[in-house]
Peer 1: 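Below: one structure in structure tokens.
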Amino acid sequence: MGVYATSPSTPGPATEAFVAHRNLLFTVAYEMLGSAADAEDVLQETWLRWVGVDLGVVLDHRAYLVRITTREALMRLRTLGRRKESYVGPWLPEPLLTTPDVAADVELAESVSMAMLLVLETLAPTERAVFVLREVFDLPYDEIAEAVDKTPAAVRQIAHRARAHVAARRPRGIVTPAQSRAAIDAFQRAVETGDLQSLLDILAPDVVFLGDGGGVVQAALAPVVGADRVAALLAGSMPRIGATMTVTPVPVNGHPALILRLDGTIDTVIAVRVDDGLVTGLYAMRNPDKLARIGQPTALRR
């Protein structure tokens with residue numbers, strides 16, 4: 001229970017309520033921020049505010065905690081926006097190793113996928129908060145209004161606008177686990193055998209490769225767009241990767257992905273976006289600061 005315990009043996013009601021909803025609160029913060037490290041910071045701030053609340057006047061602990069978390073995440077999101085302006089190269093969400101129950105919840109898995117988190121990056125902060133709370137967690141408009149300091153009528157308008165924005169950018173068609181696995185399997189074969197053909201066969205003409213090194217390790221400093229260019233990039237890098245790294249398929253953000261290890265240390269996480277059966281996005285996370293949590297599963301809840 002750590003910092004959330006009031007004493008080693010007798011956690012108080014504030015601690016019990018917070019711990020009961022902690023995974024939900026983390027998921028709210030993570031979907032708003034795309035960063036597990038920042039989501040954890042938000043939870044710390046939420047806890048500090050929560051212990052100062054008179055629980056005797058709180059009718060719904062869950063709703064109150066979500067409200068605090070949302071407000072803290074909105075403040076952090078605006079700070080992150082300024083930080084991303086000076087980020088070196090493409091910015092990708094922090095990948096999370098997830099448990100089978102996340103993949104089993106289709107709506108949750110879609111909402112935390114790398115592809116969807118990148119779509120959410122294109123929303124304004126308040127739009128993102130409203131979309132996440134309404135579309136993922138199904139909160140009533142009046143509760144969302146209190147969390148974002150808007151009227152319920154304004155929240156309805158924001159939700160409508162955000163839904164339309166996301167609908168125009170989210171993956172096209174229903175992406176089945178089999179399609180995602182096929183893409184990941186093709187990438188794994190390319191790494192392990194050097195045979196790129198099965199991977200090239202499922203690249204969309206407008207596929208985009210994004211590599212996130214954060215200015216710490218080598219990665220493409222700009223998006224690589226188009227099947228020919230992505231194929232050339234992969235053809236140049238696969239022999240080196242296959243000769244030096246081991247490849248492990250894992251569930252990341254509710255979808256099949258790959259972990260590449262160099263001498264036993266996690267070097268890269270590969271995730272994909274699939275539209276209409278073709279790979280339209282290849283995402284390579286190499287920033288070591290964003291790989292800190294990938295060794296252990298993270299619990300996500302709605």
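Below, all heavy atoms of this structure are taken into account, side chains as well, without hydrogens, waters or symmetry copies. Note that the structure is predicted; figures quoted are calculated from it, not measured.
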Peer 1: Do you know which two heavy atoms are closest between I184 and P256, and how far apart they sit?
Peer 2: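 Smallest interatomic distance, heavy atoms only, reads CG1-O, 3.4 Å.
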Peer 1: In this structure, which one of T248, D267, T244 forms a side-chain hydrogen bond (donor to acceptor under 3.5 Å, both in side chains) with R261?
Peer 2: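 Among T248, D267, T244, the one that satisfies the side-chain hydrogen bond (donor to acceptor under 3.5 Å, both in side chains) with R261 is T248.
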Peer 1: Please check if L118 and L291 belong to a single hydrophobic cluster, counting links between Ile, Leu, Val, Met, Phe, Trp and Tyr side chain heavy atoms closer than 4.5 Å.
Peer 2: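 Both belong to a single hydrophobic cluster.
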Peer 1: Between M114 and F187, is there shared hydrophobic-cluster membership here, with clusters defined by ILVMFWY side-chain heavy atoms closer than 4.5 Å?
Peer 2: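 The answer is no; the residues belong to distinct hydrophobic clusters.
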Peer 1: Does the cation-pi check pass for R128 over F131, that is, NZ or CZ under 6.0 Å from the six-membered ring centre and within 45° of its axis?
Peer 2: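 R128 over F131 ring: no.
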Peer 1: Under 6.0 Å from the six-membered ring centre of Y283 and within 45° of its axis: does the NZ or CZ of R273 meet both?
Peer 2: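 Geometry flag: not set, cation outside 6.0 Å or 45°.
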Peer 1: Give the table of side-chain donor-acceptor pairs shorter than 3.5 Å for residues 224-231, with sequence neighbours excluded, one pair per line with atom names and distance.
Peer 2:
none

Peer 1: Between V28 and L117, is there a shared hydrophobic cluster once you connect ILVMFWY residues whose side-chain heavy atoms come closer than 4.5 Å?
Peer 2: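 Yes, it is one cluster - the side chains of V28 and L117 are joined through contacts under 4.5 Å.
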Peer 1: Could you pull out the closest heavy-atom pair between I144 and L139, with the gap in Å?
Peer 2: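 Scanning both residues completely, I find the closest heavy atoms to be CD1-O, 3.5 Å.
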Peer 1: Which atom names give the shortest non-hydrogen contact between H255 and A109, and what distance separates them?
Peer 2: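 Closest heavy-atom pair between H255 and A109: NE2-O, 3.2 Å.
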Peer 1: Is it true that V191 and M285 fall in one hydrophobic cluster, defined by side-chain heavy atoms closer than 4.5 Å?
Peer 2: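 No, no single cluster joins them.
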Peer 1: The criterion is side-chain contact (heavy atoms from CB on, under 4.5 Å); which residues satisfy it with R293, sequence neighbours excluded?
Peer 2: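 Partners of R293 under the side-chain contact (heavy atoms from CB on, under 4.5 Å) test: F26, A36, E40, E94, L96, T298.
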Peer 1: For Q197, look at atom CD and say whether over 12 heavy atoms of other residues, nucleotides or ligands are found less than 6.0 Å away.
Peer 2: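 Yes - once you tally the heavy atoms of other residues, nucleotides and ligands closer than 6.0 Å, there are more than 12.
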Peer 1: How are the rings of F18 and W47 set to each other: parallel, tilted or perpendicular (split at 30° and 60°)?
Peer 2: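 Answer is perpendicular, since the angle exceeds 60°.
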Peer 1: May I ask whether I202 and L233 are part of the same hydrophobic cluster, defined by side-chain heavy atoms of I, L, V, M, F, W, Y residues being less than 4.5 angstrom apart, directly or through others?
Peer 2: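 I202 clusters together with L233.
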Peer 1: Do the side chain of T27 and the main chain of R302 share a donor and acceptor less than 3.5 angstrom apart?
Peer 2: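 It does not hold such a pair.
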Peer 1: More than 12 non-hydrogen atoms from neighbouring residues, nucleotides or ligands closer than 6.0 Å to CD on E107, yes or no?
Peer 2: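 Open: at most 12 neighbouring heavy atoms sit under 6.0 Å from CD of E107.
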Peer 1: Quick check: closest heavy atoms across V217 and N287, and the distance to 0.1 Å?
Peer 2: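 Minimum heavy-atom contact is CG2-N, 4.3 Å.
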